[in-house]
Amino acid sequence: MTDLDLTEQLEHAGARTPVGPPPLGAIRRNVARRRRRRGWAVSAVCVAGVATIAVGATLLGPDRLGADVAGPDAPPPGTRFVGLGDVTIAVPQTWGTDDTGCGLPQAETVVIADGHFDYMSSSMTCFVPHQPTVDNVHVGQGLPEGFEPDETIEIDGRPADRTTATCSTDIEPYVGRQYCSATVRFPQEDVWFRVNSPSGVEEVDRMLDTITVLPDLVGVPFYRDIYRDVPDADQAYAARLTEAGLKVKIVESDERVVPKPLPGFILRVSPERGTMLPPGSTVTVTVSTAGD
Amino acid sequence: MDPDDDFGQYVSARWPRLVRSAVLLGCSPAEAEDLAQSTLERCLLKWHKVRAADDRDAYVHRILINTFTSSRRRRWIGERPTERLPEQTSDDCMGQVDDSDALSRALQRLTADQRAVVVLRHYSQLSELQTASALGVAPGTVKSRLSRALAALSTDPSLMEMRGLR
């Protein structure tokens, strides 16, 4: 069969299917409806955060506000992007990162789930009698605990596994209070987002609707899976940054660390993990010299 | 040009071929229209990205293929065993007679990857590079898949029989 024969036969076969006019009106209506849903989420975020944005901007600094991102990849107003690779979720600008106590969110926050902090195993030494129930977004790699997806969806052309948003009043340590959550995991990119909210499934779905793919940006990689137990973790992390297309600047600090750390112990990175940056941006890694 | 007008013009020009591409990929005509509509809705949501893409057609076809793959996966999950087969089956939706029917059966015997390459290259009129971009594979992979698909089609019994009847 020649190329020409095949093209001709496919044209012939295709022409046998009658096609009506394009449903432009329906397409525009459906998209407008989806945009409105996203808009409501952003509006709610703006209203909740308007009183604290000015203070937050001063305290958090440009890294946390995602000020590096501009143009078509800019986050919706009042939000910042957090993610890994080129997959992101929009969270309110006023949220911090890892505002946790005993591994549990203490205020509305993004939790970078790279530290393997286990609430149950630490609860004996980390007893807190009453945990607040607050909106929070976890971002992680690998398989999230208890993940059993209900459907495969597609976001910006990428397949993702998603659980249905559900609420429960039996979740430790929030027993007796409503806590709702759902998770979206991108298997190819190995990144997942879990939204938790005491407000209801609608709020969870609204936040998950802000997940998007930004091929022109890259998330600052995670490091807390290696920083404590691996010698020369700074070098291993520098390799991750380079692989992600980011530049590395290592700064040494002699601030005290207990117990005495391994050489190359990472104290912090700036911008924070999960911040979306254009490739080629520099990430500063502060390394402890206390173990040297 | 206003983005809205731009989108409208794009849809008007590409709609029939997108629907028929979906049919050739294995959809029923109704499914094909739904698939094309879902694809274009996703494109409109990110139209600024589609407009900025180096190759708009490759971008749109990538969404089409991904949406198609997702829909097939969902449908497979939804299948349940049954004691009795339905009385009438509709193998495919490309037409009921003669050449089209033979071609339909031949396409069905290809792997999903091979079928997608054949449809994108020979019906959607995408170049090798565009096809590679739409499928998220290397151009060399497009070449090898297409080569294997054409070899399979050239020895396909339905198409051989059809050629023998001429």
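Throughout, a chain's letter reflects where its sequence line sits, starting with A, and its residues are numbered from 1.
Under the 3.5 Å distance criterion, the side-chain polar atoms of B/W15 are matched with a main-chain donor or acceptor of A/G20.
Between the NZ atom of B/K46 and the CD1 atom of A/I155 there is a distance of 9.5 Å, given to the nearest 0.5 Å. Atoms CZ and CD1, from B/R42 and A/I27 in turn, are 13.0 Å apart once rounded to the nearest 0.5 Å.
The shortest heavy-atom contact between A/A26 and B/Q37 is CB-NE2, 3.8 Å. Taking each heavy atom of A/T17 and B/P29 in turn, the nearest pair found is CG2-CB, 4.2 Å.
Counting heavy atoms from C-beta on, the side chains of A/H12 and B/L103 never come closer than 4.5 Å. Between A/L10 and B/L107 the shortest side-chain heavy-atom distance falls below 4.5 Å. At a threshold of 4.5 Å between non-hydrogen side-chain atoms, the residues A/T212 and B/K49 count as touching. For the pair A/V31/B/W47, no side-chain contact is recorded, criterion being any heavy-atom separation below 4.5 Å from C-beta on.
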message: Determine whether A/T7 and B/Q125 satisfy the following criterion, side-chain contact (heavy atoms from CB on, under 4.5 Å), listing intermediate values before the conclusion.
response: CA-CA 9 Å; A/T7 302; B/Q125 307 292 334; 3.9 Å; yes

field: salt bridge (Lys or Arg N to Asp or Glu O under 4.0 Å) assessment of A/E11 paired with B/R17
entry: CA-CA 10 Å; A/E11 287 288 347; B/R17 198 160 281 271; 3.0 Å; yes

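Residue contact with chain A, scored on non-hydrogen atoms closer than 4.5 Å, is absent for B/R121. The contact between A/L24 and chain B is made entirely by side chain atoms (from C-beta outward), counting heavy-atom distances below 4.5 Å. For chain A, the nearby part of B/E33 is the side chain; its heavy atoms alone come within less than 4.5 Å.
Judged by distance alone, the side chains of B/N66 and A/E154 never bring a donor and an acceptor atom under 3.5 Å apart.
For the options A/P22, A/G157, A/P18, heavy-atom pairs under 4.5 Å to chain B are most numerous at A/P22.
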